[in-house]
Amino acid sequence: MLRKVLKYDLGAIWKIWLILSATSVALGAVGGVCMRLVENPELNFAFFPIVILGLILSFIGIIAYIVITSILIIVRYYNNFFTDEAYLTFTLPVKRSTLFDAKILTAFIFNTASALVFTVSLCLMLLIWPGADGSPMLFYFVQDIKDTLDIFSHMVDNKIVVWAIVYSVAFVILMLASFIYSTMATFACITFGGTVAKKHKILMSIAVYYGLSMALEVVSLITSSLFSVVVQALQEYPEIIPNAAIPWVILMLLLGIAAAIVLVSCFFYKFCVSKLRGNLNLA
Amino acid sequence: MIINPDKPILQCQHLRKCYTAGVPVLADFNISVPSGKILGLLGPNGCGKSTFLKLVAGILTPDSGSIEICGIPRSEETNSLISYLPERTYFNASMYVNQLIEFFSDFYSDFDAGAAEKMLRDLGIPLNQKLSALSKGMKEKTQLIMVMSRKTKLYMLDEPIGGVDPASREYILSTILGNFNPDAAVIITTHLINDIEPVLDEFAFMGYGGEILRAGNADRVRETTGKTIDELFREVFRCYVRY
């Protein structure tokens, strides 16, 4: 059944998403051309404001693409579960957890695809944008990444390949965890608003999301303050942790954060499924 | 899922549902619907008819009481035994009519796509039309056709002909009868009692709080009282007020 639900969830969004993606890539190209014109000393000064405007709009457009994709997913979730369409959704012979899983997978597929399209759009912009010697700006960025890795290799006793792989994996895990969290948190806020509020469900959802974001900010502020204290202590008393152990400590910290994020996401998942099962509040 | 043929299609016991704490829409509602019957659930506005259907469909959760469909306690699994038509337009308006047929065929193994297409054509509903482009009445007809094209155990129709023109009502009611399977049961709620009276086997007058004020076999009541169900309804609810 998951496959069938997924088919309709993906089918409901993919056409508009494809149009948006093509627009994003086109805007990447437009942005690159604008940068090329800005760098051109022969550009007529009268055209300068138009070119700058084109550049700004390209950037805004590419960022808006990511935002609009998220909005499409959220609107689909809300319409399917908390408007009149829910009468069809919840009378299907499908488990509510399956309906919810399909929504998560849809969000994952579209957000990942959007991140890729976003990267392609930016790369296209950097490929058209000429650097100081005329070669594409993208090459400078690649060189910068190489230089950073070189610096890092000296810090970790030339075991650069091993640590680069380890940290890449850790970052991918952290990114995945963050993605799961953001999707779950958004869905949980909508579910809360949709099941608790009788009339203003959207307003309630936004208010809950705002409150959750505030709480998260407080938590991250406390965490970063604690982190600064620990780093300061390590600088003052270097004998606490030997240099060789520092990469391990950072790795454990990253994985610990990822585990905490996944744990909170699991709580949101349970919350959403139990609310959809027992607390539907349809008119 | 094992269906018990000896059990009634729908059995509800001591059903209670409050939207506001302490004010029950259904206080202690009990009903049993056997197979092969078309039941008209009739009552004034706000007496809990739609709420009852929503509880059975799983759209709402009862505060207490039990609901059994073919002897199986209501759950997500029993959704396959119920074909529910709510009193509102509930399909995704961006879908085309033929997509809707594909959707129902995908999710309901008992859906008869051929019968649905025939009925849609009979009522002049174009298959390649978006739902948003259809009139309210046409949407309602489409919904009813989709719901009645399933071969399931329990059909629940909430105000099925409310927005339909009188000319089409006859066709729709004959469709309900034509598609009716003797192993199944139909519950219809409506205010248009005159229109649905010819198809009803049983009726139940529902008062506030889900109290059943009068119920029985439609033909027998007509014989014994000499009145139609519509006349009887008017008599029972003439001075009926919420207490």
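Numbers restart at 1 for each chain; the letters A, B, ... are given by sequence-line order, proteins then strands.
Using a 4.5 Å heavy-atom cut-off against chain B, the contacting residues of residues 93-108 of chain A are P93(A), V94(A), K95(A), R96(A).
Heavy atoms of A86(A) lying under 4.5 Å from chain B belong exclusively to its backbone. Of the atoms belonging to F103(B), heavy atoms from both backbone and side chain fall under 4.5 Å from chain A. Using a 4.5 Å cut-off between heavy atoms, R76(A) touches chain B through its side chain atoms alone. If you measure heavy-atom distances from T89(B) to chain A, the contacts under 4.5 Å come from the backbone alone.
Ring-centre distance between F268(A) and F187(A): not below the 6.0 Å cut-off. A distance of 6.0 Å or more separates the ring centres of F90(A) and Y84(B).
D106(B) has no carboxylate O lying under 4.0 Å from a charged side-chain N of K4(A), or vice versa, which leaves the two without a salt bridge. Between E102(B) and K7(A) there is a salt bridge, since a side-chain N of the basic residue sits under 4.0 Å from a carboxylate O of the acidic one.
Heavy-atom pairs under 4.5 Å with chain B peak, among E85(A), M1(A), R277(A), at E85(A).
Across I67(B), V56(B), L41(B), a single residue satisfies side chain to side chain contact (heavy atoms under 4.5 Å, CB included) together with I31(B), and that is L41(B).
The aromatic rings of F91(B) and F104(B) lie perpendicular to each other, with more than 60° between the two planes, well past the 30° mark.
Within 6.0 Å of the OH atom in Y96(B), the count of heavy atoms belonging to other residues, nucleotides or ligands does not exceed 12. More than 12 heavy atoms of other residues, nucleotides or ligands lie within 6.0 Å of CD1 in I52(A), so this atom counts as buried by the packing criterion.
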